[in-house]
**Student:** 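If you scroll down you'll find the structure; I have some questions about it.
Note that these values count all heavy atoms, side chains included, but never hydrogens, waters or copies made by symmetry. Order of listing sets the numbers, starting from 1, for every ligand and every atom in it.
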Amino acid sequence: MNIQEIRDLKTKRKSTWITCYDYPSALIASKTNIDGVLIGDSLAMTVYGHDSTLTATTQMIAQHTKAVAKGLKGYHKHIVADLPFLTYQGSFDRLLKHVTLLMQSGAHSLKLEGADESILKHIQKLTQNGVPIMGHLGLTPQSIHTIGGYKVQGKTQSQYIKILNDAKKLEQAGCFCLVLECVPDKLANEITNSLEIPTIGIGAGSGTDGQILVWHDLLGYPSEHKPKFVRSFMNTQQEATAAIEAYINQIQNIQFPLPSESYKI
Ligand code: KIV
C-alpha cells in the first residue's frame with residue numbers, strides 16, 4: 001500500500017497497523033488484511049529484552065526490515081521503519097546515511113518522533129527527496145528520560161496545546177501520516193479532525209483514523225507491564241507453554257516421534 005492509498009483511507013475506513021520484526025511474522029501478516037507494518041524501535045524491548053527503545057540501532061532495524069520485506073514481498077502492505085534514537089537530531093548529511101540504509105533495506109517510509117524546528121526542516125527535505133515520513137507525537141519513547149516515564153501526555157492545557165500545534169507543524173512539514181501514542185481521546189480526536197493527513201492511534205482512543213499495536217502485545221506474549229490500552233487477541237504465552245509441555249510429555253511417553261514420522265531403511 002502506498003502513501004497516497006493510506007492518505008485516501010482517511011475518508012473511507014480505519015487503517016490497521018501492527019509492528020512486525022521478522023520473516024515468519026511477516027509471512028503471517030502477509031495473509032491478513034492488515035494495511036501496514038512497522039519495524040519499530042520497540043524491537044529493542046520486545047525482541048532483544050532491553051529496558052527501553054534507546055538501544056535500537058539503524059543496523060538492527062535495517063536487518064529486521066530486510067527480513068520483514070522478504071516475508072511481505074508481493075503483498076500489498078505498507079512497510080514503515082523507525083529512525084532510531086539520535087539519528088535525526090544532527091546534520092542532514094549524517095541523517096541521510098541512516099535513511100539510505102533503512103530505505104535500501106525495504107522500507108517504504110520512515111517514522112520519527114517529535115516536532116522540534118530542526119526535525120521539521122529534516123522532514124521537509126526528506127519528503128522533497130522521495131522519503132515519506134510518518135510523525136509520532138504524545139508519548140515518544142525515545143524521550144523517556146525527559147518525559148520521566150511511560151505516562152499519558154497532553155493532559156495539562158499547555159501539553160495539550162503543544163501537541164495539537166506540533167501535529168499541525170508535522171503536517172505542514174510534509175508528513176503523510178501521524179502516530180499518536182498515549183494521549184487523551186479528546187486530544188486525539190481534535191488532532192484527527194484538524195488534519196488532512198490520517199492519524200494512527202495507540203492508547204489514543206477510538207477516534208483516530210487507524211490503530212496500531214505491538215505484535216507481542218496483540219498476540220499475548222509474556223510482558224512485565226501491560227498498559228491499559230493493550231488488548232491481547234490471543235494468549236501466546238499460555239498456548240506456546242502448553243504446546244511445549246505436550247511435546248515434552250509425548251517424548252517421555254514414546255508417543256513422539258511415531259513410526260510415520262521416522263525414516264526406514
Ligand atoms: O516502536 C514502536 O513499536 C512504535 C509504536 C508503538 C507506534 O513506535
**Student:** Report, in ascending order of atom number, the atoms of ligand 1 lying under 4.0 Å from any heavy atom of G40.
**Tutor:**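 By the 4.0 Å cutoff, the relevant atoms are 1 (O), 2 (C).
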**Student:** Are there over 12 heavy-atom neighbours, none belonging to N193, within less than 6.0 Å of that residue's CG?
**Tutor:**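 Yes, because the 6.0 Å sphere around CG of N193 holds more than 12 heavy atoms from other groups.
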**Student:** Are V152 and I200 linked, directly or through intermediate hydrophobic residues, by side-chain heavy-atom contacts shorter than 4.5 Å (ILVMFWY only)?
**Tutor:**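 They do not share one cluster, since no chain of ILVMFWY contacts under 4.5 Å joins I200 to V152.
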**Student:** Do me a favour and list the nearest non-hydrogen protein atom to atom 8 (O) of ligand 1 with residue, atom name and distance?
**Tutor:**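 Checking every protein heavy atom, the shortest distance to atom 8 (O) of ligand 1 gives K111 NZ, 2.8 Å.
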**Student:** Can a donor-acceptor pair be found, under 3.5 Å and without considering hydrogens, that links the side chain of T19 to the backbone of W215?
**Tutor:**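 Confirmed, T19 side chain pairs with W215 backbone.
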**Student:** When you measure from the heavy atoms of H136 to every atom of ligand 1, does any distance fall below 4.0 Å?
**Tutor:**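 Within the 4.0 Å threshold, so yes.
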**Student:** Does the N or O separation between Y21 and ligand 1 drop below 3.5 Å for any pair?
**Tutor:**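 No, no N or O pair falls under 3.5 Å.
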**Student:** Does only the side chain of D41 get under 4.0 Å from ligand 1, or the backbone, or both, or neither? Count heavy atoms.
**Tutor:**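 Both backbone and side chain of D41 come within 4.0 Å of ligand 1.
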**Student:** Pull out every atom of ligand 1 sitting under 4.0 Å from any heavy atom of I202, numbered as shown with elements.
**Tutor:**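 By the 4.0 Å cutoff, the relevant atoms are 6 (C).
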**Student:** With heavy-atom distances below 4.0 Å as the criterion, list the atoms of ligand 1 near T19.
**Tutor:**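 Going through ligand 1 atom by atom, the ones under 4.0 Å from T19 are 3 (O).
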**Student:** Quick one: pull up NE2 in H216 and CD1 in I18 and give me the separation to the nearest 0.5 Å.
**Tutor:**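 Here the interatomic distance stands at 10.0 Å.
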**Student:** Identify the closest protein heavy atom to atom 3 (O) of ligand 1: which residue and atom is it, and at what distance?
**Tutor:**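 Result for atom 3 (O) of ligand 1: S42 OG, 2.5 Å.
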**Student:** Taking side chain to side chain contact (heavy atoms under 4.5 Å, CB included) as the criterion, tell me which of L112, L86, D41 meets it with Q142.
**Tutor:**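 Only one option passes, and that is D41.
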**Student:** Residue-level breakdown please: for T53 versus ligand 1, do any non-hydrogen atoms fall below 4.0 Å on the side chain, on the backbone, on both, or on neither?
**Tutor:**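 Neither; no heavy atom under 4.0 Å.
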**Student:** Test the K155-Y160 pair against the cation-pi criterion, namely NZ or CZ under 6.0 angstrom from the six-membered ring centroid and within 45° of the ring axis.
**Tutor:**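 No, K155 does not sit over the ring of Y160.
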**Student:** What protein heavy atom is closest to atom 4 (C) of ligand 1, reported as residue, atom name and distance in Å?
**Tutor:**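 Residue, atom and distance for the closest contact: L38 CD2, 3.5 Å.
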**Student:** Measuring from I133:CD1 to L126:CG, what's the distance to the nearest 0.5 Å?
**Tutor:**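 Result: 4.5 Å between the selected atoms.
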